[in-house]
Protein chains: 2
Amino acid sequence: MARTQGSHSDITGPRIRTEALRLFAQHGYAAVSMRQIASAVGVQAGALYNYTPDKQSLLFSLMEGHMTELLAAWHEQEAAYTAEASDPKAKVLARLEAFTRFHIRFHLERPDAVFIAYMELRNLSEDNFTAIESLRREYENALQAILKEGVRLGVLHVPDPKIATLAVIAMLNGVMTWYRSGGRLSLEEVEGIYWDMVKKSMQV
Amino acid sequence: MARTQGSHSDITGPRIRTEALRLFAQHGYAAVSMRQIASAVGVQAGALYNYTPDKQSLLFSLMEGHMTELLAAWHEQEAAYTAEASDPKAKVLARLEAFTRFHIRFHLERPDAVFIAYMELRNLSEDNFTAIESLRREYENALQAILKEGVRLGVLHVPDPKIATLAVIAMLNGVMTWYRSGGRLSLEEVEGIYWDMVKKSMQV
DNA sequence: CTTTTATATGAACATTCGTTCAGTTAGGCT
DNA sequence: AGCCTAACTGAACGAATGTTCATATAAAAG
């Protein structure tokens, strides 16, 4: 009754997600066929439908999973900074730095998922699009809240918090277009360079 | 012999490009069929092949046209700033501001072309990809040259010019994800907000 | 008017697509 | 041993894909 041990492989489900993620990121959702995914997994196309009702649901599930992970990881990260009480002005700057470094680190660890999450929005059905958009907005609001508190405390100069939020995220996302691990710069250095720019762009 | 006046419409060629651009931007290259493009133009699919050898060439032509326009427009814009001789330190800042405002303005005027130009790179054949990449690098070098001169003159603080170039362009590109003409902010205000952030992010 | 030529049609082509499903396989349970 | 059930195959489905081409059309050229 309960799945104690899979009959054949026991890991086909996860592997489908892994291979689909890779192929969607590489060639785009519309350009990848179910047969390509099945072949990468080492299975026939029909077998995929034991794990997903259809192709669209597979895409949505990957995107939703990524966004959920992102939010969970940030909330965990942020908790550490809000726990320790200290000077509010220093704390909001520390939170902004934490967000900057977290965003870069998290996204560089999952280039394929990130690529898909903002590249394949237009291939989602209307309902699925709304759901993902909502998760994205939740993440943006996390940064925007930091900026607004920084303005309130007088430690940040931000003419328009909404625009600044989007500008910062766009800038940080840019790191994915060029960073390759093992390259000229270490992850730590990259984080530092971007944090320097973010910090200064909002200096009072 | 020479095409004096088109037999039927005389504007089918341009209209194919217009509609293909719109559809590619909206649904993605792979998700748009030649029949959809033809239908949008008001013609049968076979007629498209009087204007393009195949679908791939149509995509490449659109991207190449966009990048060429971009470079030509910037070089014309920059010429105005290099002509008038004045204080070099003030001039390099003026050039940076000009680039920032130009980039925002130019890109907001062609959202579809911009979208395609960096979204459909993976759908280009190898040769076509190389060609577009080269044009893109040429544009990036224009900004990088400004930053390097700014560093040389001591008016800009840029730890890594290559990264800063990509970071600025990524940030400016972000404007396209949210700006809608007729919205809360005018184009002039948007330019100002972004220029403020760019300038400060590189302050000495 | 006749000929030429650019332009468009619409049917046809070989493939490929997402998806379904009856049948096979093989391990777990009683 | 015999049954059960989840996993997978392999063939099949109708629909859609990019592209070709013989044919029709109508305006321009002579």
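Everything numeric in this text was worked out from a predicted model, so none of it was measured. Numbered from 1 within each chain, the chains take letters A, B, ... in sequence-line order. All heavy atoms count here, side chains included; hydrogens, waters and symmetry mates do not.
Between the side chains of A:Tyr139 and A:His103, a donor-acceptor pair is found at a separation under 3.5 Å. In this model, a donor atom of one side chain and an acceptor atom of the other lie less than 3.5 Å apart for B:Ser57 and B:Asp54.
Summarising the geometry, the separation between CZ on A:Arg15 and P on D:dA7 is reported as 16 Å, rounded to the nearest angstrom. C:dC17 atom P lies 12 Å from atom CE of A:Met34, rounded to whole Å. In this entry the distance linking CD1 of B:Ile11 with P of C:dA8 reads 10 Å, nearest Å. Here D:dA24 presents its C1' atom at 14 Å from CD of B:Gln44, a figure rounded to the nearest Å. Between the CG atom of A:Leu58 and the P atom of C:dT19 there is a distance of 10 Å, given to the nearest Å. For A:Gln36 and C:dT16, the CD to P distance is 11 Å, given to the nearest whole Å.
For B:Ser33, whose side chain is taken as the heavy atoms from C-beta onward, the closest listed nucleotide among D:dG18, C:dT19, C:dC17 is D:dG18. Comparing atom distances between the B:Asp54 side chain and each of D:dT19, C:dA8, D:dC8 picks out D:dT19 as nearest. For A:Lys55, the side-chain atoms get nearest to C:dG18 when compared with the rest of C:dA8, D:dC8, C:dG18.
Between A:Phe102 and A:Trp74, the angle of the ring planes lies from 30° to 60°, which puts this pair in the tilted group. The aromatic rings of A:His66 and A:Phe106 sit tilted relative to each other, their planes meeting at an angle between 30° and 60°.
OP1 or OP2 of C:dA8 lies within a sub-4.0 Å distance of a side-chain N or O belonging to B:Tyr51. For the pair A:Thr12 and D:dC8, the criterion of a side-chain N or O lying under 4.0 Å from OP1 or OP2 is met.
Where A:Asn50 and A:Arg35 meet DNA chain D, the nucleotide closest to each residue was compared, and A:Asn50 sits on the side nearer the 5' end. Nucleotides of DNA chain D nearest to A:Leu48 and B:Tyr49 differ in position, and the one nearer the 5' end is that of A:Leu48.
Residue B:Val41 is out of contact with every strand shown, counting any heavy-atom pair closer than 4.0 Å.
Relative to the ring axis of B:Tyr49, B:Lys55 does not place its NZ or CZ within 45° and under 6.0 Å from the centre.
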